[in-house]
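None of these values were measured; they are calculated from a predicted model.
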Amino acid sequence: MSGVYVVSGSSSTEASPCKAVLAYEDVLRDSTASGTAVADTDPSYPVNLLFDDLYNTEWSIDFAVYPTTCQFIFSFTGSTPVDYFSIFSKNAGDCGLSVVVDVYRADTGAYTEVAGFGSMTNAKPVMVYFGDDFAAGYASALYVRVTLTYTAKPYISTMMAGKAIVFPRTFSLGFQPPAYIDEVEQFYADDGLNLVSGRRMERGKQLKGELGYVRMDLIETFWNDFHNHVLNSKPLFLMWNTHKPDVVIYGAQVPERLSKPAYKSPLFSSVSIDVVGWS
């Protein structure tokens, strides 16, 4: 995927430090959805499938009406902090998908474009963090408007938005960026020569590393919710470096490898991440 851009606000990505962004809180699922994307939904791929936490269920537009552009408008009961948007579509490249995201801000009474991207790739998750463009660190949203443009029938597994956990720096040395976890069917090391051609299986990608020097007071704000999220086998998006927005993973933290934070000093700890999914 290429061509990510973020607009609006006073600060720039180039001037800000590298950060890791963990996004699992989703305000879209609790919103009221409307717009042409809802009115013209394909009955076989309803809107609620965007929020069922499964990668193999999808929303799609009705092929009979099949415009080239449709909109979701997600409305909230009150002003809602939003600093990220993410999306995952397994046919994003094939359907020529491009996306523009606008936030209707309570403080300005108008829509502000916060993200837009095109030239997307099949099965490659996309996440945009725009908190640095607002003095508060987030936009106070009454509505989030998502405009989808496409050249063929799109299938979208999930969309998420809300307030992310933003770490003040990226991962420590030893970080393993997303890479395939492979295994070979029926391979036994003591069987002598064992040709593996045609029997290698890809099992998704794994991101693994440690975020060091995280303040304990930051960890205390999210750890219980994150712990429950992981144990409930719910998905997340993670951008490991805000200066590399094209590298994002969408998947699940492995519950068995969720390490409890431990004091590294009276004020700081570390957070270990082990996510398996799509990237």
Side-chain angles (χ1 to χ4, degrees), residues 1-7 13 18-24 26 28 37 42 45 49-61 63 66-72 84-102 113-130 144 146-161 164 170-171 175-182 200-209 235-252 273 275-279:
M1 171 264 148
S2 61
V4 173
Y5 62 89
V6 178
V7 298
T13 301
C18 300
K19 302 173 184 177
V21 181
L22 172 65
Y24 61 91
D26 177 27
L28 300 185
D42 186 332
Y45 301 92
L49 295 182
L50 288 172
F51 310 115
D52 68 353
D53 298 323
L54 300 174
Y55 78 90
N56 58 346
T57 57
E58 300 161 316
W59 165 88
S60 187
I61 197 77
F63 192 76
Y66 188 46
T68 56
T69 298
C70 65
Q71 283 187 341
F72 284 97
Y84 85 91
F85 174 83
S86 56
I87 188 169
F88 177 67
S89 168
K90 285 181 282 187
N91 80 326
D94 291 342
C95 74
L97 184 65
S98 61
V99 185
V100 175
V101 184
D102 301 289
E113 184 176 330
V114 292
F117 36 87
S119 303
M120 297 174 68
T121 302
N122 290 346
K124 184 174 178 61
V126 177
M127 176 178 170
V128 177
Y129 169 70
F130 47 86
V144 171
V146 181
T147 303
L148 307 175
T149 304
Y150 41 88
T151 57
K153 187 175 173 65
Y155 295 91
I156 298 176
S157 294
T158 190
M159 287 193 294
M160 292 171 57
T170 190
F171 285 81
F175 169 68
Q176 299 176 30
Y180 279 113
I181 308 170
D182 295 346
R200 183 170 68 88
M201 299 192 305
E202 294 176 350
R203 302 174 57 203
K205 292 186 178 180
Q206 180 186 40
L207 175 149
K208 188 176 182 180
L236 56 85
F237 283 81
L238 191 144
M239 177 188 294
W240 68 268
N241 187 333
T242 48
H243 285 199
K244 293 183 176 293
D246 285 358
V247 184
V248 175
I249 192 166
Y250 167 63
I273 299 290
V275 177
V276 176
W278 302 73
S279 179

Are Leu236 and Met160 close enough, and set up right, to give a side chain to side chain contact (heavy atoms under 4.5 Å, CB included), and what steps lead you there?
CA-CA 9 Å; Leu236 56 85; Met160 292 171 57; 5.9 Å; no

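- Of all non-hydrogen atoms in Phe175 and Gly209, the two that sit nearest each other are CD1-CA, 4.1 Å.
- To the nearest 0.5 Å, the span separating CD on Gln71 from CG on Asp102 amounts to 8.0 Å.
- When atom types are taken as modelled, the side chain of Lys153 and the backbone of Ile61 share a donor-acceptor pair closer than 3.5 angstrom.
- We find the CH2-OG1 distance between Trp59 and Thr158 to be 13.0 Å, quoted to the nearest 0.5 Å.
- Of the possible donor and acceptor atoms, one in the side chain of Lys124 sits under 3.5 Å from a partner among the backbone N and O of Asp246.
- Of the possible donor and acceptor atoms, none in the side chain of Ser86 sits under 3.5 Å from a partner among the backbone N and O of Val126.
- For the atom pair OH of Tyr150 and CG of Asn91, the computed distance is 11.5 Å after rounding to the nearest 0.5 Å.
- When side chains are defined from C-beta on, Val101 does not count as touching Phe130, because their heavy atoms never get closer than 4.5 Å.
- Under the 3.5 Å distance criterion, the side-chain polar atoms of Lys205 are left unmatched by any main-chain donor or acceptor of Gly251.
- Residues Tyr155 and Tyr45 bring their aromatic ring centres within 6.0 Å.
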Evaluation steps, side chain to side chain contact (heavy atoms under 4.5 Å, CB included), between Phe85 and Val146:
CA-CA 10 Å; Phe85 174 83; Val146 181; 3.7 Å; yes

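- Proximity of a side-chain donor or acceptor of Asp94 to a complementary backbone N or O of Asn122 within less than 3.5 Å is not detected.
- The distance from the CG atom of Leu148 to the OG atom of Ser98 is 8.0 Å, given to the nearest 0.5 Å.
- Across all their heavy atoms, Val21 and Ala164 have their closest contact at CG1-CB, 3.5 Å.
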Would you please test Phe237 and Tyr250 for ring pair (Phe, Tyr, Trp, His ring centres under 6.0 Å) and show each step?
CA-CA 5 Å; Phe237 283 81; Tyr250 167 63; 4.6 Å; yes

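- Put simply, the side chain of Ile87 reaches to within 4.5 Å of the side chain of Met120, judged on heavy atoms.
- Annotation: side chain of Val128 is not in contact with side chain of Met239 (no heavy-atom distance under 4.5 Å).
- For the atom pair CD1 (Ile249) and CZ (Phe88), the distance works out to 10.5 Å, reported to the nearest 0.5 Å.
- No side-chain donor-acceptor contact under 3.5 Å links Asn241 to the backbone of Cys18.
- The distance from the CG atom of Asp53 to the OG atom of Ser157 is 12.0 Å, given to the nearest 0.5 Å.
- Between Ile273 and Phe171, some side-chain heavy-atom pair lies under the 4.5 Å cut-off.
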